[in-house]
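Indexing begins at 1, ligand by ligand and atom by atom, following the structure's order.
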Amino acid sequence: MARVHNFSAGPAALPESVLTQIANEMLDYQGCGMSVLEMSHRSSMYQQIIDDAEASLRRLLDIPQNYRVIFLQGGATLQFAGIPMNFMRTGRAGYVVTGNFAKKAWKEAAKYGDAVKLASSEDTDFDRIPALAPVRERASAGDLDYVYICQNNTIFGTMFHELPQCGDAPLFADVSSCFLSQPLDISRYGLVYAGAQKNAGAAGVTVIIVRDDLLEDGPAFAQTPQYMDLRLQAQKGSMLNTPNTFGIYVCGKVFRWVEETGGLEAMAQRNWAKANLLYDLLDNSQIFHGTAQKDSRSIANVTFRTDSDELNAQFVAGAHERGIENIKGHRLVGGMRASVYNAVTMEDVEALAAYMHEFEAEHAPSPRSL
Ligand SMILES: *Cc1c(COP(=O)(O)O)cnc(C)c1O
């Protein structure tokens, strides 16, 4: 068996030990004689699985008691609509547009009310997080139901290094691609949500953590489908209907793995060490350039390119020959992207860095004097 160096942006690498455990439990989950795939979601056996997953996540993030954890389907994308459907009570919310997913969320919200663009970095192709003072100023008017950000911009390789001040409006964040990469102070948010396939498990699960007072009045729209009604989903313990039973089981395994490997502080240290190995290389390279501005760089998605599409393609092809996979940049930006999520090891990153050095030695305009 040969496993590759997988830098996929999502669905992405999972810890090998988690995959092994899942394989070992596939036919007979802990002596019950069936697979988790075959188990009723109403069984006590399954209830234990989802309860354990939530408990592990609560320990990891130190989630305050007044927050609810919900596991839904539909991806992060369904919540682009779900959030306004639940929380656009006066009909106006603020959006910080820092990339493709933030823009999609903003456009989706505009179907339900007044989605105010508070700040954007589109003028420089989303290569940075914009200045946040305008967010504070606009939020201080006090007429926003919430302020929405996409905390880590998976496609562009940028991330918020500080949070905007939102006055009385709760802060909502799509944390899909930085979830469990580093500590997250849940008490600073009204709601965070993450598609699990980036860093927390398998595709098909979205984890939502929401402050319970925000759920009190129910959804903002009478037409909100019951599946999207977060108050109802919280009441039903994510079991309004059949949840993604297997996906939640995988999430639980990943949460436990993060706990067992040292928790979020340790994860953050390892992740910055991996990302900085690549950023340092980019800063000292004659042919590779990082595409995100330095003070906005992501902990998870390292985006870079050469000046030539042909060289980029050559680099990606050569990577494949060396077992380095999924480093082609998103079609919107081109170039390359190495996603260095939790399950990507330092050895994986070192293999990529070695190949980058090799490629540079071959293609740099003049030999480097080291
Ligand atoms: C991947 C991603 C999405 C979209 O997720 P789906 O689960 O495919 O809907 C949204 N936001 C961010 C930040 C992402 O990384």
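The salt bridge (Lys or Arg N to Asp or Glu O under 4.0 Å) pairs that include a residue from residues 292-307 are Asp283-Lys294, Asp283-Arg297, where partners are two or more places apart or lie in different chains. Sorted by first then second residue, the salt bridge (Lys or Arg N to Asp or Glu O under 4.0 Å) pairs that include residues 81-100, not counting sequence neighbours, are Arg92-Asp114, Arg92-Asp143.
Checked for salt-bridge contact, Arg3 and Asp348 miss the test: no charged N lies under 4.0 Å from a carboxylate O. For the pair Arg231 and Glu216, the salt-bridge criterion is not met [side-chain N within less than 4.0 Å of a carboxylate O].
Classification of the Tyr355-Phe315 ring pair by plane angle, with boundaries at 30° and 60°, yields parallel.
Not counting sequence neighbours, His41 has no partner by the side chain to side chain donor-acceptor pair (under 3.5 Å) test.
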Could you tell me, for ligand 1, which of its N or O atoms are under 3.5 Å from any protein N or O, listing the pairs and their distances rounded to 0.1 Å?
| from | atom 1 | to | atom 2 | distance (Å) |
| --- | --- | --- | --- | --- |
| ligand 1 | 7 (O) | Ala76 | N | 3.1 |
| ligand 1 | 7 (O) | Gln197 | NE2 | 2.9 |
| ligand 1 | 9 (O) | Ala76 | N | 3.2 |
| ligand 1 | 9 (O) | Thr77 | N | 2.8 |
| ligand 1 | 9 (O) | Thr77 | OG1 | 2.5 |
| ligand 1 | 11 (N) | Asp174 | OD2 | 2.6 |
| ligand 1 | 15 (O) | Thr154 | OG1 | 2.4 |
| ligand 1 | 15 (O) | Lys198 | NZ | 2.5 |

